[in-house]
Every structure is written in structure tokens, then in C-alpha cells.
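Every chain is numbered from 1, with letters handed out A, B, ... down the list of sequences.
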Amino acid sequence: MKNYILGFLILCLIIISSCTADQQCRENKTVNSKIGFYHVDKKSTDNTITTSPLTIDSISIRGLIYNNTTKIYVLMDSLLYKSALTKSNVLLPLNKFSSISKFEIAFNNKIKDTISVLYEKSDQYLSLDCGCIKVFEIDTVLTTNHFIDSIRITNHTVNTTNAENIHLYK
Amino acid sequence: MVFSVQAQKTNKVQKIDSIPLINGVTVQADVASIISSAFTSKETYSSEVAVQVDLKHKYFPILEVGYAGANKISNENITFQTNGMFSRLGVDLNLLTPKKDQKPTTNLFLAGLRLGMSSFKYNFNNFIITDTYWGGSETLNYTNISNTKIWYEIVLGIRVEVVKNIFMGWSVRTKNLLNQDVTGQISPWYIPGYGINNGSSWGLNYTIGYKLNIHSKIPIVKIKPGSEVKKKSSKITK
């Protein structure tokens with residue numbers, strides 16, 4: 001009987017010690033679309049096309065947001081990249097409360113192109129500590145052709161995996 | 001000489017049959033869940049009772065039923081609330097085998113399996129999503145979401161008779177869900193009867209029970225003198 005009471009006390013201690021403190025979120029909650037730059041080489045001899053990663057010397061990017069009163073897209077005040085040097089890819093946040101995000105990209109502080117990303121968004125539950133995030137499925141991408149030759153979606157799903165979603169070709 | 005062998009055989013048969021099929025029914029309540037509920041300051045709470053039948057003092061089918069719930073607020077003020085009934089059905093096996101020519105002890109060392117089930121509703125509110133670059137924020141609320149969870153448990157425990165017909169016991173158990181959540185979809189933080197829904201769960205029970213002396217009739221086996229010997233000899237001839 002004495003042993004039993006002792007066992008019961010130990011049990012109580014285990015229960016008390018098992019009450020853990022609240023945890024902080026340790027999961028990656030950042031969801032950005034990743035855009036890579038590529039160079040297209042077309043050999044005139046046998047018409048073969050090869051692509052190779054392209055490094056941009058200097059790049060500046062900022063978003064374009066639709067102004068409901070003026071009914072036009074206007075540049076965001078803050079830049080996502082400000083004369084960032086030697087970039088072969090960039091991470092661009094998609095608007096969580098719209099189905100289109102537009103970005104103005106200035107290559108080497110001279111030539112500017114505007115790319116538009118159209119997508120469907122959905123809510124993804126992570127955990128009690130981390131909450132929910134928005135994830136995206138890219139439908140369409142469009143671009144102007146001042147510096148960029150073409151654009152292609154390589155991975156439609158934008159989530160926390162950090163995979164490249166869009167290729168820009170020069 | 002022949003008579004003495006017959007007498008031994010008859011005794012053996014009587015001993016096996018001296019334990020009836022239904023050898024008592026124990027009604028028990030879990031104390032550990034009530035104590036732990038007090039320590040978790042109502043974040044999670046649970047209480048359960050069980051009925052266990054002693055079959056031949058070897059197999060112990062059990063039905064556990066209870067009520068549990070949770071009221072949890074995360075660091076980011078996300079609130080989770082649920083409550084519901086749960087039940088577990090299973091069987092324990094007594095690992096203590098009585099020594100030869102000894103009366104089986106009332107103490108038990110049990111190993112068993114359970115199949116648990118709970119149908120419940122939960123509210124998961126105040127998920128705030130903000131857009132730091134483009135601006136804007138949204139609050140997501142999931143209310144009255146119905147869910148049914150099924151899981152299995154592996155149980156190990158002891159039970160001792162402290163006073164006549166009063167039993168105390170403790171057991172540890174691991175729990176694993178049979179129907180897993182779909183990644184990315186909203187899922188309950190707490191499942192009544194299972195615990196916190198974060199991979200496999202574990203549980204501790206400390207029970208106090210009363211054994212009701214419900215017994216089935218001991219079947220009377222009529223042994224014809226010399227029948228056992230005959231059986232044995234027929235085996236040998238084969």
C-alpha cells in the first residue's frame with residue numbers, strides 16, 4: 001500500500017512536469033514567388049537552343065497597385081529590391097488579397113519592364129502556433145518586352161518550398 | 001496405480017473449470033485525467049469511466065467512455081475550443097499466470113489494445129493574415145466544424161486489490177490516429193479521448209474501481225472414469 005501511494009505521487013509529478021510551455025512558431029511562414037533570369041543562346045549553325053542562368057548586374061523592383069479612385073496602377077512607395085547587385089533570381093511577394101500582382105523591374109537602372117502575375121489564392125493551415133498562410137497557384141504571367149524576351153511558368157504552385165516559379169528569358 | 005492417475009487427471013480438469021467464464025465485472029473511474037485537468041488550468045480537461053469484464057481471469061474486455069474538451073489560446077491569440085464524448089473498446093490480457101496448484105491472484109499485470117473513437121465539433125478562430133508589403137489584413141474563423149477521429153492504443157498497466165473488491169490501477173498507453181489529417185487543411189488541435197493532435201499521443205490512467213461479483217455458472221464437466229486415460233492412449237496409438 002505504501003509503495004502504491006509513492007507510485008501515485010510519482011505519477012502526479014509526471015503529470016505536472018508534462019505541462020509544457022507554449023511554443024513559438026518554428027515553421028517557415030514566408031511565401032514568395034521566385035523568379036529566375038536566364039539567357040537564351042540560339043546557335044545559327046544547327047538551330048539548337050540552350051539556356052543558361054543570367055546574372056543581372058543591378059536590379060530594382062517595386063510593386064504596382066491598383067488605385068480604386070484613379071482607376072490606374074500606381075507604383076508602391078517601398079521598393080522590394082533597390083539597386084541590388086548580381087542577382088540571378090529574385091523573390092517577389094504576391095498580393096494576398098488580390099488575384100493579380102504587378103511588378104516594375106528596372107534592369108541595370110535603365111531599361112524597365114512590367115510583369116503581371118495572375119493567380120488563385122487559398123488558405124493553408126499550419127498549426128495552432130503558426131496559424132494560417134496564403135498559398136498561390138499561378139495561372140498566367142505577362143510581360144512587356146523592353147529587356148525581357150519571354151516569360152514562362154515553371155512551377156505553378158507558390159508555397160513555402162522555395163522552388164523557382166517563373167523563368168524570365170533575355 | 002491406475003486409480004491414482006485417474007484421480008490426478010480429474011483434479012486437473014476441475015481446476016481449469018473452477019474459474020467461471022465471467023469472473024466478475026469491474027466498474028472504474030479515472031483519477032489521473034481529473035488531476036491533470038486541474039493542472040492544465042482548464043486548457044484541456046477530461047474525465048472517463050470504464051466497465052471491464054473478467055473472462056476466465058485471462059481476458060478482460062473493456063469499454064471506456066468519457067467526456068473531454070479544450071479551451072486553448074495560442075501566443076498569437078488564435079483560439080481553439082472543443083468538447084465531446086469519446087469511447088474506447090478493447091481487451092486486456094492478464095500476463096500473470098498462476099503458479100501450479102495455486103489459486104490465481106487478484107492482482108493483475110495487463111497488456112491490451114483499444115480502438116478509440118470520438119465525434120466532436122470544434123471552433124478555431126482568430127487566424128490573422130496580414131500582407132506586410134501590399135497592405136491589408138484578414139481574419140479567418142472556422143466555427144462548428146464536425147470531425148470524427150478513430151485511433152488505436154497500446155496499453156500496459158497493473159491493478160491491485162487494496163481492500164476487498166476495491167481495486168486501484170495505473171496504466172500507460174500510446175495512441176496513434178488511424179485517419180490522419182490532410183496537410184494544409186484545418187484540423188483539430190485537441191481530440192477528445194486522444195489528446196493533443198500532434199503526431200502520436202500518450203496517456204496515463206490512474207483508476208479506482210469496484211468489482212461486482214457477477215459470475216457465470218461454472219460448467220459441470222462430467223468425466224467418465226477412465227475417459228482421460230483413454231483419450232491419451234488413443235493419441236499414442238495414432
Side-chain angles (χ1 to χ4, degrees), chain A residues 1-5 7-25 27 29-32 61-66 76-80 91-98 100-103 121-135 157 159-160, chain B residues 31-41 43-44 70 72-80 124 126-142 158 160 162-163 168-172 181-190 195-198 202-206 208:
Chain A
M1 187 67 187
K2 269 182 183 176
N3 286 341
Y4 218 76
I5 291 163
F8 180 64
L9 290 170
I10 292 165
L11 172 86
C12 289
L13 283 170
I14 292 165
I15 293 165
I16 297 160
S17 61
S18 68
C19 301
T20 51
D22 286 346
Q23 289 186 339
Q24 290 290 323
C25 178
E27 284 183 68
K29 287 178 75 178
T30 322
V31 176
N32 285 321
I61 306 174
R62 69 167 85 190
L64 284 157
I65 194 160
Y66 189 74
M76 296 282 290
D77 290 333
S78 63
L79 278 99
L80 291 160
L91 296 168
L92 301 180
L94 300 176
N95 193 328
K96 291 174 185 173
F97 309 112
S98 174
I100 182 167
S101 292
K102 282 176 179 277
F103 303 93
K121 55 190 185 301
S122 58
D123 304 313
Q124 185 177 305
Y125 169 73
L126 295 177
S127 64
L128 176 90
D129 300 310
C130 298
C132 285
I133 55 168
K134 290 273 184 196
V135 291
T157 308
N159 54 23
T160 52
Chain B
V31 183
S33 57
I34 296 161
I35 295 167
S36 66
S37 300
F39 281 111
T40 55
S41 56
E43 263 189 0
T44 61
K72 174 79 177 171
I73 303 170
S74 81
N75 283 338
E76 294 180 6
N77 281 328
I78 296 164
T79 61
F80 176 85
F124 224 153
N126 208 31
F127 290 98
I128 299 167
I129 295 178
T130 52
D131 197 320
T132 49
Y133 182 72
W134 298 97
S137 76
E138 186 182 75
T139 306
L140 301 174
N141 294 315
Y142 301 90
I158 58 160
V160 289
V162 281
V163 188
M168 278 187 179
W170 64 260
S171 65
V172 282
D181 302 308
V182 180
T183 308
Q185 283 183 13
I186 195 85
S187 58
W189 175 77
Y190 181 91
I196 294 168
N197 181 17
N198 184 18
W202 68 279
L204 242 163
N205 290 62
Y206 182 85
I208 295 171

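Within the 4.5 Å cutoff, the side chain of Phe124(B) has heavy atoms near those of the Tyr125(A) side chain. In this structure the side chain of Lys96(A) never reaches within 4.5 angstrom of the side chain of Tyr133(B), judged on heavy atoms. Contact annotation: the side chain of Glu138(B) approaches that of Asp123(A) to within less than 4.5 Å [non-hydrogen atoms, C-beta and beyond].
A 6.0 Å sphere centred on CG of Asn141(B) holds more than 12 heavy atoms belonging to other residues, nucleotides or ligands.
To the nearest 0.5 Å, atoms CG (Leu128(A)) and CG (Asn197(B)) are separated by 11.0 Å.
Minimum heavy-atom separation, Trp134(B) to Ile65(A): O-CD1, 3.9 Å. Closest heavy-atom contact between Phe97(A) and Asp131(B): CE1-CB, 3.7 Å.
Only the backbone of Thr130(B) comes within contact range of chain A, judged by heavy atoms closer than 4.5 Å. At a 4.5 Å heavy-atom cutoff, Leu92(A) makes no contact with chain B through either its backbone or its side chain.
Under the ring pair (Phe, Tyr, Trp, His ring centres under 6.0 Å) criterion, Tyr190(B) pairs with no residue at all, not counting sequence neighbours.
Applying side chain to side chain contact (heavy atoms under 4.5 Å, CB included) to Cys132(A) and the options Ile78(B), Ile128(B), Leu140(B) leaves one that passes, Leu140(B).
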